[in-house]
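The structure appears below as structure tokens.
The analysis underlying the following values was restricted to heavy atoms, covering all of them including side chains, and did not include hydrogens, waters or symmetry mates. All chains are named by letter (A, B, ...) in the order of the sequence lines, taking the proteins before the strands, and each is independently numbered beginning at 1.
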Amino acid sequence: MFSSLKVRISQGRQYIVDLRKASPAGFRGLPVIRATACEAGCTACLPVCPTGAIALDPVRIDLGRCTFCRECELACPVNKIGFTNGFKMASDTREGLVVREGAGEPSPVKVSQGLKQLFGRSLKLRSVSSGGCNGCELELNAASNVNFDMSRYGIDFVASPRHADAVVISGPLTKHMHEALERAWLGLPDPKFVISFGACAISGGLYADSPELDRGFLGRFTPSLYVPGCPPHPLTFIVGLMDLLGIQG
Amino acid sequence: MSALVVDPAEHTCRKEAFFERLRAQLSEGARLVGYYGRPADDSGQVVITAVLSANGKLSVLRTGLSRPHSHRALSAELPAFQIFERELHEQYGLRLHEHPWLKPVRSDAPYPFYSLKGKEVHEVAVGPIHAGVIEPGHFRFMCLGEVVHHLEIQLGYQHRGVEALLLKKDPRALGPLVETIAGDTSVAHAWAYCEALEALAGVTTSFEAQVSRAIGLELERIAMHLASLAGMATDIAFLQGGTTYGRLRTTAINSSMLACGSRFGRGWVRPGGAWAKLESGQQATLRANLKLLKDDLAIINPHLLGARSVQHRLKGIGRVTREQAIELGIVGVAARASGIEVDARADLPGPVHLRYGIRGVIENSGDCWARAVVRIREIDESLRWLEEVLDAFPTCSPDAARVGALKPDTLAVAVCEGWRGEVVHCLETDAAGGLRHYKVQDPSLRNWFALALSLRENEISDFPICNKSFDLSYCGNDL
Ligand code: SF4
């Protein structure tokens with residue numbers, strides 16, 4: 001009894017009151033592409049990028065591929081690329097994940113009136129890991145912990161696809177999980193939607209060239225939300241969902 | 001952390017001598033660390049390498065076998081070879097007669113499940129997708145009533161072709177990929193990769209860089225042991241444990257993020273050194289975080305371990321005896337919970353662990369309780385160790401050395417004690433100094449079978465707690 005009280009007191013209050021205003025110290029998140037001009041003909045950042053996330057003229061970074069590894073920042077001779085601790089990187093479109101020079105945060109997730117009406121007060125998620133390395137899976141679990149406490153907005157992970165409104169996919173989509181993913185998706189009742197969580201799910205990430213993948217599912221079902229990162233920060237996920245569903249917080 | 005670098009030709013012998021020496025060394029007390037194949041120049045051959053550890057030293061033995069080769073499986077007498085021989089059978093078609101169970105390790109080729117015969121026997125199949133947010137795998141329980149007589153584990157769903165991808169890029173640029181082999185033990189895999197690569201390049205990293213890596217490794221261990229403890233507490237509905245260990249894990253991973261930008265230690269370790277920065281400001285926060293962990297663990301640990309309900313749910317459940325653990329060659333936390341002293345930080349120490357020693361933790365009961373207590377005690381030891389090292393290094397922001405060309409025709413083996421157990425990376429170059437072969441071994445590969453054993457004669461409802469008490473990697477097995 002006493003030890004239980006001591007634990008309760010030490011636990012204190014842990015939840016982040018306003019998730020949108022959080023500032024994760026040290027987090028390597030949203031890149032900035034500075035106005036500094038590139039050296040003529042320089043392509044130093046291209047070969048070091050492990051996922052082909054960078055394009056030049058003008059410099060752009062595709063957050064759907066980026067692993068936030070920092071290789072480009074270190075390779076650049078003119079310090080054009082840097083990283084901030086910004087976590088608002090989710091997008092409701094694939095193109096919305098491309099960061100351009102001087103653009104700041106990617107275009108904010110647009111509220112989907114349809115999804116807001118259906119799921120704005122209660123959203124149940126079924127996670128399917130298809131080659132996820134447990135980085136994404138741990139961060140998805142963390143979204144429900146006492147710090148981020150996603151449940152306060154009526155958003156929870158559920159065990160059965162039958163109880164779910166959306167499937168959250170992590171990992172690059174392996175061949176060996178193809179059938180299980182299809183069957184889980186069939187198990188979700190309509191209306192339902194797809195969320196791509198992490199660089200692997202969005203683009204294949206570091207595994208894009210592997211012959212062991214079958215990404216056909218995502219060719220047929222376009223995600224309603226893309227959550228970049230390797231793995232994504234729980235804040236990127238929860239705030240992205242709140243924006244999509246028009247949840248004020 | 002230790003690396004061995006050899007000219008493999010000097011350790012190659014004919015197959016008769018190979019098997020003879022291998023058996024002799026094992027019977028003299030050497031421990032099997034790894035046993036793997038690689039394609040030979042002649043496609044009719046496969047090259048077999050055994051990695052052994054004895055008296056604080058790694059060694060290798062090698063031979064070539066013609067394909068399709070058939071011989072009596074070593075597993076028939078030495079069960080520690082079972083998973084390695086299954087892998088050899090799958091990858092190179094070796095015909096290993098008298099192997100008790102050549103079930104595929106990763107391929108989805110059909111292979112019959114064991115089935116229990118009897119009137120009231122029933123089977124329960126779960127997965128690959130499970131109830132929680134967790135990687136996929138299939139488990140089949142063969143039960144009489146509630147009692148599990150056998151658990152068969154079928155993995156491979158996560159197979160991403162890692163080892164093939166590792167050969168497609170510049171061997172010096174594999175950091176990000178290596179960190180996702182098993183993404184919750186990124187620092188251990190990255191360190192093993194870098195240590196082997198640096199050995200091939202003849203680069204010696206600075207002591208400070210080694211210290212930085214070792215700090216990252218202990219932070220990762222603390223964070224993941226806390227995650228396992230939170231999971232175990234939740235699985236037995238001891239909710240204060242779940243929320244408190246979960247909250248403390250946040251403190252630990254945010255400490256990693258402060259140093260390297262990632263809650264998973266991504267980008268902490270890179271070839272030639274470490275990118276993580278621990279300047280005085282970061283170190284002050286890190287120390288405050290470690291103090292908070294120490295203080296609050298002193299409150300939650302006795303609360304958890306003193307609770308009768310927890311003792312009742314963990315003691316005697318999921319037992320793996322010392323004999324079983326030795327026979328199967330189990331490693332890491334699971335081995336230490338069954339009374340086996342195996343910890344690469346102590347057995348194969350690099351310069352940092354030679355100077356700043358880690359006190360090994362051993363429990364003897366081999367059950368879920370022992371696996372929980374090993375974690376709790378290891379966190380305490382990691383915290384003590386970090387304090388000692390941070391005192392000696394008030395700042396730690398090493399520069400990275402340049403890693404140049406790799407020595408041709410050389411094999412480097414590195415072993416790093418990650419939070420689950422030993423992570424083994426074997427890199428071998430060809431005549432031109434390019435990477436010819438990359439073998440990755442996550443501790444999960446060897447320990448999955450221990451989970452299956454632990455379930456025998458336990459109730460099926462004990463599966464979640466047994467599974468969490470091992471907390472193995474699916475990706476690390478499936479590669
Ligand atoms: S940080 Fe992103 S864009 Fe830059 S090199 Fe790494 S993966 Fe490529």
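At distances below 3.5 Å, at least one donor-acceptor pair connects side-chain atoms of A/Asn141 with backbone N or O atoms of B/Val133. Looking at A/Lys175, its side chain never comes within 3.5 Å of a backbone N or O of B/Arg160 through a donor-acceptor pair. Between the side chain of B/Gln158 and the main chain of A/Cys133, no donor-acceptor pair closer than 3.5 Å is present. No donor-acceptor pair closer than 3.5 Å links the side chain of A/Thr174 to the backbone N or O of B/His159. The backbone N or O of B/Gly156 lies less than 3.5 Å from a partner atom in the side chain of A/His176, making a donor-acceptor pair.
No other option in A/Asn145, A/Leu140, A/Leu138 has as many heavy-atom pairs under 4.5 Å with chain B as A/Leu138. Contacts with chain A were tallied for B/Ile253, B/Leu248, B/Thr244, B/Val162; B/Thr244 has the most, counting heavy-atom pairs under 4.5 Å. Counting heavy-atom pairs under 4.5 Å between each of A/Arg183, A/Glu137, A/Lys6 and chain B puts A/Glu137 at the top. If you tally non-hydrogen atom pairs under 4.5 Å between each of B/Arg249, B/Gln240, B/His130 and chain A, the highest count goes to B/Gln240. Note on A/Pro211, A/Ser210, A/Ser170: by heavy-atom pairs under 4.5 Å with chain B, the leading option is A/Ser210. For the options B/Gly246, B/Gly161, B/Ala164, B/Pro136, heavy-atom pairs under 4.5 Å to chain A are most numerous at B/Pro136. Chain B forms more heavy-atom pairs under 4.5 Å with one residue of A/His233, A/Glu139, A/His178 than with any other, namely A/Glu139.
Heavy-atom distances place the backbone of B/Ser107, and not its side chain, under 4.5 Å from chain A. For A/Pro161, no part lies under 4.5 angstrom from a heavy atom of chain B. With a 4.5 Å cut-off on non-hydrogen atoms, B/Phe264 touches chain A through its side chain but not through its backbone. For A/Arg8, the parts lying near chain B are the backbone and the side chain together; criterion is any non-hydrogen pair under 4.5 Å. Looking at A/Pro231, the atoms closer than 4.5 Å to chain B (heavy atoms on both sides) sit in the backbone and in the side chain alike. When heavy atoms are compared at a cutoff of 4.5 Å, A/Tyr207 approaches chain B by way of both its backbone and its side chain. Within the 4.5 angstrom heavy-atom criterion, atoms from both the backbone and the side chain of B/Asp108 approach chain A. Contacts between A/Gln11 and chain B at a heavy-atom distance below 4.5 Å involve backbone atoms as well as side-chain atoms. Using a 4.5 Å cut-off between heavy atoms, A/Tyr15 does not touch chain B at all. For B/Ile134, the part sitting under 4.5 Å from any heavy atom of chain A is the backbone (N, CA, C, O) and nothing else. Only the backbone of B/Ile181 has a heavy atom closer than 4.5 Å to any heavy atom of chain A. A/Val146 touches chain B through its side chain: at least one heavy atom from C-beta onward sits under 4.5 Å away, while N, CA, C and O do not.
Ion pair A/Glu212/B/Arg106 not flagged as a salt bridge, since none of the NZ, NE, NH1 or NH2 atoms sits closer than 4.0 Å to an Asp/Glu carboxylate oxygen.
Here the CG atom belonging to A/Leu206 is positioned 10.5 Å from the CG atom belonging to B/Leu174, to the nearest 0.5 angstrom. Expressed to the nearest 0.5 Å, how far OG of A/Ser129 lies from OH of B/Tyr474 amounts to 10.0 Å.
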Next item on the list: Go through the steps for B/Trp275 and A/Leu74 under the test side-chain contact (heavy atoms from CB on, under 4.5 Å), then give the verdict.
Entry: CA-CA 11 Å; B/Trp275 284 1; A/Leu74 298 179; 3.3 Å; yes

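The two residues A/Ala180 and B/Ile129 make their nearest non-hydrogen contact at O-CD1, 3.7 Å. For B/Ile299 against A/Ser10, the heavy-atom pair with the smallest separation is CD1-CB, 3.8 Å. When every heavy atom of B/Pro128 is checked against every heavy atom of A/Met177, the shortest pair comes out as CB-SD, 4.0 Å. The two atoms that bring B/Lys169 and A/Pro50 nearest to each other are NZ-O, 3.0 Å, heavy atoms only.
With a 4.5 Å cut-off on side-chain heavy atoms, B/Arg247 and A/Asn147 count as touching. Put simply, the side chain of A/Cys69 does not reach to within 4.5 Å of the side chain of B/Arg266, judged on heavy atoms.
The side chain to side chain donor-acceptor pair (under 3.5 Å) with A/Asn134 is formed by just one residue from the set B/Thr185, B/Thr180, B/Asp471, B/Asp184; it is B/Asp184.
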